[in-house]
Amino acid sequence: LKILVTGAQGLLGSAMKEIVQENDYHFTDRRECDLENLENTIELFEKVQPSIIIHLAAKVGGVQANSNFPADYFERNMTMNLNVFKAAKIVKANRIIAFASTCVFPDSAKYPLIAHSMQDGPPHASNYGYAYAKRMLAVLGESYRKQHKIDFNLLIPANMYGPDENWRTENGHVIPDLIKKISKAKQSGQNIEVWGSGRAKREFVFSKDVARVTLEIARNSNLETPLIITNGQEISIRELVEILIELMNFDGEVIWNTSKPEGQLRKPSSQEDFKRLFPNFEFTPFREGLLKTLSGFINQK
Ligand code: GFB
C-alpha cells in the first residue's frame with residue numbers, strides 16, 4: 001500500500017514528514033515534480049504507483065496576496081488539482097485525500113460553518129481565486145468518486161499555522177507575517193504595523209494537529225463527507241497581537257492600519273462532525289503552538 005504525499009515541503013507536509021514512521025509513504029515536492037506539468041505528474045505517479053494520494057500541494061497565501069493575484073491562485077491550483085486527479089486515474093489509485101480551508105466558505109454563511117454549506121454562496125471577495133479552485137477540487141473529487149470509483153476525502157482546516165511556514169514569502173498568513181514584523185521591529189527599535197482594526201477573528205489550528213488527524217484518516221477512516229478541522233476557539237487579531245508581543249518581549253508601539261485588507265470579519269466553524277470522529281483528540285494549546293512556531297522561525301532552514 002503506497003501513499004504519495006504531495007506538497008511535502010509545505011507547512012502541513014513538513015509536519016506530516018516528522019510524524020510518519022511507515023516506510024510506505026513517498027513524500028514529494030516541487031524539487032522532484034512540477035505538479036503544474038501533466039507529463040511530470042504522470043511520470044511521478046507511474047513511478048510511485050500510489051494507492052492513496054494525500055494531496056497537500058497548493059498555491060496558498062494570505063489575504064493581501066489573494067486579493068492581488070486571484071488569477072494566479074485559481075489557475076495554478078486548478079492545474080495542479082486536475083493533473084493530480086488525471087494521474088491518479090491512470091495509476092488506478094483507490095483514494096485521494098485533499099484539502100480546502102474555512103476561508104473558501106460563503107462570506108455570508110450561517111455560523112458556525114458546516115461542511116456542506118461550502119457552496120451555498122460566493123466566498124469573500126479577497127479569496128475569490130483560491131476559494132473557487134478549492135471548491136472545484138470538491139467537484140473534481142465527487143465526480144471522480146462517482147465515475148472512476150476513486151474514493152475522495154476532503155479535509156477543511158481552519159487557519160493553519162506552525163513552525164514549517166515558508167518564512168521567506170512576502171504577504172504570507174497573519175501569524176508568520178506578525179512574527180517577522182515583531183522580530184524586525186525589535187532589532188530596529190521601530191513600531192509594528194498590523195492590518196485592519198484588530199476586530200477580525202480567526203480559529204487557528206496547529207499544523208502538527210492537522211497532520212495527526214490526516215494520518216489517522218489515511219490509516220483508518222475513509223470519510224463519506226468533507227470534514228472541518230478546528231479547535232473551535234476564535235481569537236481576535238488584537239488578542240493574537242497581544243499574545244505574540246508578550247511571547248516575543250516586544251515593547252514597541254502597535255499601529256493599526258485600517259486601509260489594509262481585513263478579509264472576513266470572522267469564520268467560526270463547527271466541531272460537531274470532528275468530535276464525533278475524534279472524541280478524545282487534544283488540540284495543541286495556542287501559546288504552546290505559537291512557541292513552537294517561534295522556534296521554527298528562529299531555526300528556519
Ligand atoms: O492570515 P490572513 O492573511 O488570512 O489574515 P485570512 C488574517 C487576519 O489577520 C486578517 C489580519 O483580518 C488580516 O487583516 N492581519 C493583520 C494580517 N496583520 C496582518 C499581516 O501583517 N499579514 C496578514 N497576512 N494578515 C486566508 C486566505 O484569509 O485564510 C487564505 O487568504 C487561506 O486563502 C487562509 O485560506 C486559511 O484568514 O484573512
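Read the numbers this way: they start at 1 and go in the same order the structure lists the ligands and their atoms.
- Within 6.0 Å of atom NZ in K186, more than 12 heavy atoms from other residues, nucleotides or ligands are found, so the atom counts as buried in its surroundings.
- Screening residues 94-125 for ring pair (Phe, Tyr, Trp, His ring centres under 6.0 Å) gives no qualifying pairs among residues at least two apart or on separate chains.
- Listed by first and then second residue, the ring pair (Phe, Tyr, Trp, His ring centres under 6.0 Å) pairs that reach into residues 204-244 are Y161-F206, F204-F286, sequence neighbours excluded.
- Contact shell of ligand 1 (protein heavy atoms, cutoff 4.0 Å): G61, G62, V63, N66, S101, C103, N127, Y130, N159, G172, H173, V174, D177, K181, V194, W195, A200, R202, I237, P261, E262, K267.
- The aromatic ring centres of Y132 and F74 sit 6.0 Å or more apart.
- Going from atom CG of D177 over to atom CD of Q64 covers 9.5 Å, rounded to the nearest 0.5 Å.
- Taking A57 as the reference, T6, L35, H55, M80 meet the side chain to side chain contact (heavy atoms under 4.5 Å, CB included) condition, with sequence neighbours excluded.
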